[in-house]
Amino acid sequence: MKKLINDPKAVVVESVEGFGLAHADLVTVHPDPIFIMRKDAPVAGKVGLVSGGGSGHEPLHAGYVGTGMLDAAVPGAVFTSPTPDQILPATLAVNSGAGVVHIVKNYTGDVLNFEMAAELAQAEGVDVRTVLVNDDVAVEDSLYTAGRRGVGGTVLVEKIAGAAAERGDALDAVAGVGQRVNANVRTMGVALAACTVPHAGVPSFELSDSEIEIGIGIHGEPGRHRIPMENADGITDRLLEPVLADLKLSRGEKVLLFVNGMGGTPLSELYIVFRHAVKVLGEAGLSVERSLVGNYITALEMQGCSISVLHLDDEMTELWDAPVHTAALRWGA
Amino acid sequence: MKKLINDPKAVVVESVEGFGLAHADLVTVHPDPIFIMRKDAPVAGKVGLVSGGGSGHEPLHAGYVGTGMLDAAVPGAVFTSPTPDQILPATLAVNSGAGVVHIVKNYTGDVLNFEMAAELAQAEGVDVRTVLVNDDVAVEDSLYTAGRRGVGGTVLVEKIAGAAAERGDALDAVAGVGQRVNANVRTMGVALAACTVPHAGVPSFELSDSEIEIGIGIHGEPGRHRIPMENADGITDRLLEPVLADLKLSRGEKVLLFVNGMGGTPLSELYIVFRHAVKVLGEAGLSVERSLVGNYITALEMQGCSISVLHLDDEMTELWDAPVHTAALRWGA
Amino acid sequence: MSAGLDSRWAISWLRAAAEVVADHRIDLSELDRAIGDGDHGENLDRGFSAIVEKLAVETPQTPGAVFKLAAMALMSKVGGAAGPLYGTAFLRAATASGDAAELDPALLAAALTAARDGVVARGKAAAGDKTMVDAWSPAAAAAAAAVAAGDGVVEVLEAAAAAAEAGAVATDPLTARKGRASYLGERSAGHRDPGAASSALILRAAADAANQPAAGRPGGDAA
Amino acid sequence: MSAGLDSRWAISWLRAAAEVVADHRIDLSELDRAIGDGDHGENLDRGFSAIVEKLAVETPQTPGAVFKLAAMALMSKVGGAAGPLYGTAFLRAATASGDAAELDPALLAAALTAARDGVVARGKAAAGDKTMVDAWSPAAAAAAAAVAAGDGVVEVLEAAAAAAEAGAVATDPLTARKGRASYLGERSAGHRDPGAASSALILRAAADAANQPAAGRPGGDAA
Ligand SMILES: Nc1ncnc2c1ncn2[C@@H]1O[C@H](COP(=O)(O)OP(=O)(O)O)[C@@H](O)[C@H]1O
Ligand SMILES: Nc1ncnc2c1ncn2[C@@H]1O[C@H](COP(=O)(O)OP(=O)(O)O)[C@@H](O)[C@H]1O
Ligand SMILES: [Mg+2]
Ligand SMILES: [Mg+2]
Ligand SMILES: [Mg+2]
Ligand SMILES: [Mg+2]
């Protein structure tokens with residue numbers, strides 16, 4: 001394992017410190033317990049948005065703290081959910097009195113820790129709503145599992161709910177639009193090569209030179225199945241097929257197409273995937289109204305990508321277009 | 001080699017097609033000969049900016065086409081400079097009559113091909129100036145080599161010269177500020193692991209699990225020397241030492257610090273490097289006024305980073321802050 | 001002399017648990033690497049080390065207060081699924097223990113049952129889902145049975161530990177239906193659940209601590 | 001019958017060169033991988049294939065026109081350092097050849113010298129810098145010497161090819177001072193320069209083409 005790190009145990013703290021130095025105009029870093037807060041939080045009258053989860057998915061979540069998106073990001077250890085004693089003070093700090101929305105990816109650890117923090121915050125008089133993100137169609141049978149995982153759709157939920165909060169929507173409305181985004185987005189990922197967690201020192205799984213893992217999550221946990229390596233168009237077909245099957249859209253509907261890199265795949269390859277995905281969606285009669293291509297929710301240096309399709313309505317489109325100014329996503333502000 | 005590609009020979013064309021689809025609001029893709037052009041080019045009265053080079057460095061250069069930066073980007077095959085018959089029509093297309101600046105990274109192939117294109121453009125009556133970027137301090141003895149290579153500084157030259165052109169500076173002034181940026185920026189890179197060129201199919205060089213290559217370029221060409229793996233702070237020290245030795249700044253001077261990922265290194269690690277670099281610069285009495293951290297000029301999926309330090313003056317700072325709206329760099333617009 | 005366990009026992013239990021978790025840190029993470037994300041040993045070690053650190057500066061005077069301290073440390077330091085689950089277990093055990101200076105067999109069994117109920121309430125897993133519930137459920141049941149049979153505290157803890165160990169072993173053939181391992185579906189069968197394994201280790205440490213004369217059961221002749 | 005080489009020779013030269021470049025595509029790239037970026041064979045193959053494609057639809061009537069066609073194809077398709085260098089070489093050769101229907105020995109040598117000068121003007125490398133100049137310079141000199149000795153076109157080209165081959169071999173021990181290989185400094189010694197190697201192959205193809213009776217020197221009995 002070769003990584004640009006010092007002590008594996010200090011990865012999150014040092015990285016967040018560096019992030020704070022680079023983006024001091026946007027955020028303040030609360031050192032202990034560690035969380036990243038929008039510089040001007042709490043914003044008077046605005047619903048606060050808090051997200052978080054294991055580290056290793058950068059720029060998620062710290063990169064989305066700022067105007068029009070999150071008020072706070074709570075980073076756990078690499079691929080390990082944060083604890084209530086981080087989430088609670090972050091929640092209290094961003095509460096302006098209008099309440100706080102927790103955006104939580106559906107992993108048992110994240111769900112339980114945010115749930116405890118929410119209970120504690122409620123006990124301190126802060127109104128908390130939770131948007132659970134579970135867009136990963138790779139998990140087939142939710143009845144016999146912890147349910148679908150939260151993956152690429154998280155970025156879209158954070159952007160759109162963030163815009164709703166910024167324009168002054170009330171607590172239930174912000175949570176509601178976040179839930180609506182989640183209900184309308186599906187994602188499927190693929191890994192070409194695994195990543196290595198710093199404190200583990202060995203790759204999370206082994207893939208031979210000729211295999212890929214379809215339905216990968218964002219922690220190097222296994223996917224649906226392994227198949228022999230295919231070309232980009234073939235892989236794109238395989239990722240879109242379950243996404244579209246699950247979304248069940250009619251011809252003429254509008255979508256946002258999000259091709260996300262897992263961290264170790266060149267941007268040029270993501271555009272090759274995007275190109276074919278546009279074609280496939282076009283053939284399905286769908287209109288790609290908005291798009292996003294890049295490394296937005298990663299799994300360290302994993303090679304691979306995910307494709308998310310969000311069924312847009314006018315309000316979501318308007319909120320997507322609304323100004324955002326964060327370290328990793330910026331327009332109109 | 002596992003890559004999200006179809007035919008290795010079609011990588012550039014398909015990727016640029018995807019890019020054009022994703023950013024149709026910003027650019028037009030000219031298919032054959034291939035180049036990417038700002039949608040509203042030629043902009044009346046504005047000096048045109050054209051850059052280009054081998055592909056594989058994405059988001060460079062196509063990602064910097066747009067308001068306040070480039071008017072056209074000319075992509076060669078992966079790691080191979082483009083040809084005059086691409087550069088010439090791009091140059092003609094963006095010329096509004098105010099002349100065109102070529103921003104060229106100092107590699108023999110790039111220099112010669114841009115030179116020929118410039119001669120041909122001049123012959124067609126277009127005034128062309130060239131800004132040669134050669135910021136890489138890894139090349140020690142320019143007398144006996146093709147000279148220092150153009151690396152990280154290229155992004156800063158494109159941004160700042162782009163802003164000068166956008167505000168209406170004349171041809172010589174735009175080229176002049178670009179040359180001033182180049183004269184004031186130094187860069188040094190490191191590779192932890194090599195990248196694989198699609199049509200080659202094998203890594204460009206071999207590094208053992210315990211070695212790193214200091215002074216790496218952006219094509220997997222060799223650096224200054226190999227050393228045993230070190231921690232992030234140690235590597236940062238090693239990169240900054242020759243950069244600062246060459247820049248010879250006095251205490252109290254203002255700099256822009258740019259930590260660039262080579263493509264396969266997680267963002268979190270770049271922030272760890274940034275954190276220590278800020279410390280080192282602070283100890284040297286320098287004031288980090290502006291910064292940039294991320295994958296802005298890459299070498300496919302190479303693992304590693306480069307550190308650039310630009311000695312800022314007031315005009316460069318103002319031009320850096322000026323609005324920019326491109327696929328990969330955006331603020332104020 | 002009494003047949004109950006006081007705060008000294010609770011403290012030596014948690015210290016012994018910290019030691020056993022540290023000793024099995026790598027094994028537990030290995031179990032988790034097979035069907036989860038490979039951090040379970042690391043996570044628990046972080047939490048139990050924090051308990052030991054807290055105990056170096058505070059000396060709670062009742063078992064309930066010790067459990068509360070443990071709960072807060074685990075919740076704030078472990079993260080992942082295990083943090084809230086173990087945290088809730090100890091918090092419920094603290095509540096069940098109240099401010100009793102000593103836990104008699106009945107109170108001890110009640111505390112274990114409360115802990116088990118806490119895990120179930122928090123994680124919503126049923127028995128057989130291949131989670132730590134498969135260690136805690138038989139443990140709580142065995143403790144209750146021992147109390148019904150008139151056993152003393154050591155026997156109650158011995159019964160709980162043995163049941164937890166058997167429960168952990170019994171997770172091997174199961175298919176996970178909760179937690180990260182559930183994503184593996186049938187591929188999770190054939191591996192031991194890491195949380196059940198750590199639960200067995202921790203409950204065994206409780207019994208061992210009760211067996212040591214110095215550790216809160218003066219004399220050790222009772223029961 | 002004449003002692004000169006006409007457009008048919010020029011066309012068969014370029015076709016033969018395309019073939020030999022295709023045959024050595026991998027070897028040339030291997031040479032480039034050792035001290036450059038491993039694309040030289042690929043680059044040239046792209047360019048010479050383009051020449052062949054153009055020749056399938058156009059039949060220029062003078063050697064100069066053939067060289068001009070080659071120059072444009074190489075410049076537009078090769079890229080890298082080699083594209084402009086070879087492109088300039090053929091462009092200068094075209095200019096030197098003017099609109100002569102045939103190249104006599106003197107004009108042939110003049111064209112080769114012009115090509116060499118073009119490479120030098122474009123790349124600014126001196127002899128001994130370990131570049132294609134180390135093949136072109138001795139080739140041009142040998143051609144001039146052959147003309148001075150009263151040799152015919154075949155001998156002029158044979159002399160040029162042999163000198164280019166020797167020049168390419170002689171790059172082995174040199175340290176590169178131009179092009180990508182120069183970044184390696186002394187580590188570039190011990191490898192053959194790919195551009196010098198390709199230049200030798202291409203000049204050998206010129207001589208071979210002149211030796212073939214069918215290829216533009218009707219009779220082949222002259223010189
Ligand atoms: N819903 C649940 N109910 C009870 N126990 C659970 C549940 N989900 C997970 N666990 C337990 O947590 C253990 C994993 O803990 P750990 O590895 O620390 O957390 P994470 O899975 O977040 O990395 C599993 O082995 C299992 O025993
Ligand atoms: N300045 C120069 N002058 C003459 N020849 C050069 C010069 N620079 C490079 N070359 C030649 O070009 C060859 C490399 O060509 P190629 O691999 O196609 O281009 P690139 O180096 O851009 O990949 C070298 O082997 C050398 O012979
Ligand atoms: Mg975990
Ligand atoms: Mg090249
Ligand atoms: Mg785990
Ligand atoms: Mg080359």
Side-chain angles (χ1 to χ4, degrees), chain A residues 1-7 11-12 14-19 21-22 55-56 58-59 63 78 190 192-193 195 207 209-210 212 229 231-233 235-236 259 263-276 278 288 291-295 298 300-301 303-305 325 327-328 330-331, chain B residues 1-7 11-12 14-19 21-22 55-56 58-59 63 78 190 192-193 195 207 209-210 212 229 231-233 235-236 259 263-276 278 288 291-295 298 300-301 303-305 325 327-328 330-331:
Chain A
M1 175 188 69
K2 284 191 286 185
K3 288 179 177 289
L4 288 169
I5 62 172
N6 296 301
D7 178 1
V11 161
V12 173
E14 293 187 355
S15 174
V16 169
E17 261 180 48
F19 182 87
L21 290 169
S55 292
E58 290 70 25
V78 173
V190 62
L192 276 58
C195 56
L207 272 178
D209 269 4
S210 57
I212 59 177
M229 179 63 193
N231 71 15
D233 290 355
I235 291 171
T236 303
V259 174
T265 285
L267 200 50
S268 50
E269 297 180 23
L270 301 180
Y271 282 115
I272 292 176
V273 170
F274 182 81
R275 169 185 173 276
H276 189 65
V278 168
V288 178
S291 64
L292 188 66
V293 183
N295 291 288
T298 62
L300 294 170
E301 71 285 352
Q303 271 188 295
C305 73
H325 182 178
R330 182 169 182 183
W331 55 75
Chain B
M1 176 187 69
K2 284 190 285 186
K3 290 180 178 286
L4 288 170
I5 62 174
N6 296 302
D7 178 0
V11 162
V12 173
E14 293 187 356
S15 175
V16 168
E17 260 180 49
F19 181 87
L21 290 169
S55 292
E58 290 69 25
V78 174
V190 63
L192 275 59
C195 56
L207 272 178
D209 269 4
S210 57
I212 58 177
M229 179 63 191
N231 71 15
D233 290 356
I235 291 172
T236 304
V259 173
T265 285
L267 200 50
S268 50
E269 297 180 22
L270 301 181
Y271 282 115
I272 292 177
V273 169
F274 181 82
R275 169 185 173 274
H276 189 64
V278 167
V288 178
S291 64
L292 189 65
V293 183
N295 291 289
T298 62
L300 295 170
E301 72 284 353
Q303 270 188 297
C305 73
H325 183 179
R330 182 170 183 182
W331 55 75

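The sequence lines fix the lettering, A, B, ..., with proteins before strands; numbering per chain opens at 1. All values derive from a computational prediction rather than experimental measurement.
For the pairing with B:Leu4, the side chain to side chain contact (heavy atoms under 4.5 Å, CB included) check across A:Ile212, A:Ile235, A:Val259 returns one residue only, A:Ile235.
Two residues are said to be in side-chain contact when any heavy atoms from C-beta on lie closer than 4.5 Å; B:Glu301 and A:Thr265 fail this criterion. Between A:Gln303 and B:Lys2 there is no side-chain heavy-atom pair separated by less than 4.5 Å. Using a 4.5 Å cut-off on side-chain heavy atoms (C-beta onward), B:Leu267 and A:Asn295 make no contact. When side chains are defined from C-beta on, B:Thr298 does not count as touching A:Pro266, because their heavy atoms never get closer than 4.5 Å.
Of the listed residues A:Leu21, A:Ile5, A:Leu300, the one with more heavy-atom pairs under 4.5 angstrom with chain B than any other is A:Ile5. When each of A:Ala232, A:Cys195, A:Cys305, A:Ala328 is scored by its heavy-atom pairs under 4.5 Å with chain B, the top score falls to A:Ala232. Ranked by heavy-atom pairs shorter than 4.5 Å toward chain B, the options A:Ser268, A:Gly294, A:Gly264 are led by A:Ser268. Interface check for chain B: of the options A:Lys3, A:Glu58, A:His325, the most heavy-atom pairs under 4.5 Å are formed by A:Lys3. Ranked by heavy-atom pairs shorter than 4.5 Å toward chain B, the options A:Asp209, A:Leu207, A:Val190, A:Val78 are led by A:Asp209.
Neither the backbone nor the side chain of A:Val16 has a heavy atom closer than 4.5 Å to any heavy atom of chain B. Only the side chain of B:Ser291 comes within less than 4.5 Å of a heavy atom in chain A; its backbone stays farther off.
Residues A:Phe274 and B:Gly18 share a closest heavy-atom pair of CD2-O, 3.6 Å. Between B:Val293 and A:Ala22 the shortest heavy-atom distance is CG2-CB, 4.0 Å. Here the shortest heavy-atom pairing between A:Arg275 and B:Glu14 reads CD-O, 3.2 Å.
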Review point. Going through the checks in order, is the side chain to side chain contact (heavy atoms under 4.5 Å, CB included) test met by B:Asn6 and A:Ile272?
Key: CA-CA 8 Å; B:Asn6 296 302; A:Ile272 292 176; 3.9 Å; yes

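Interatomic distance, OH of A:Tyr271 versus CZ of B:Phe19, reported as 5.0 Å (0.5 Å rounding).
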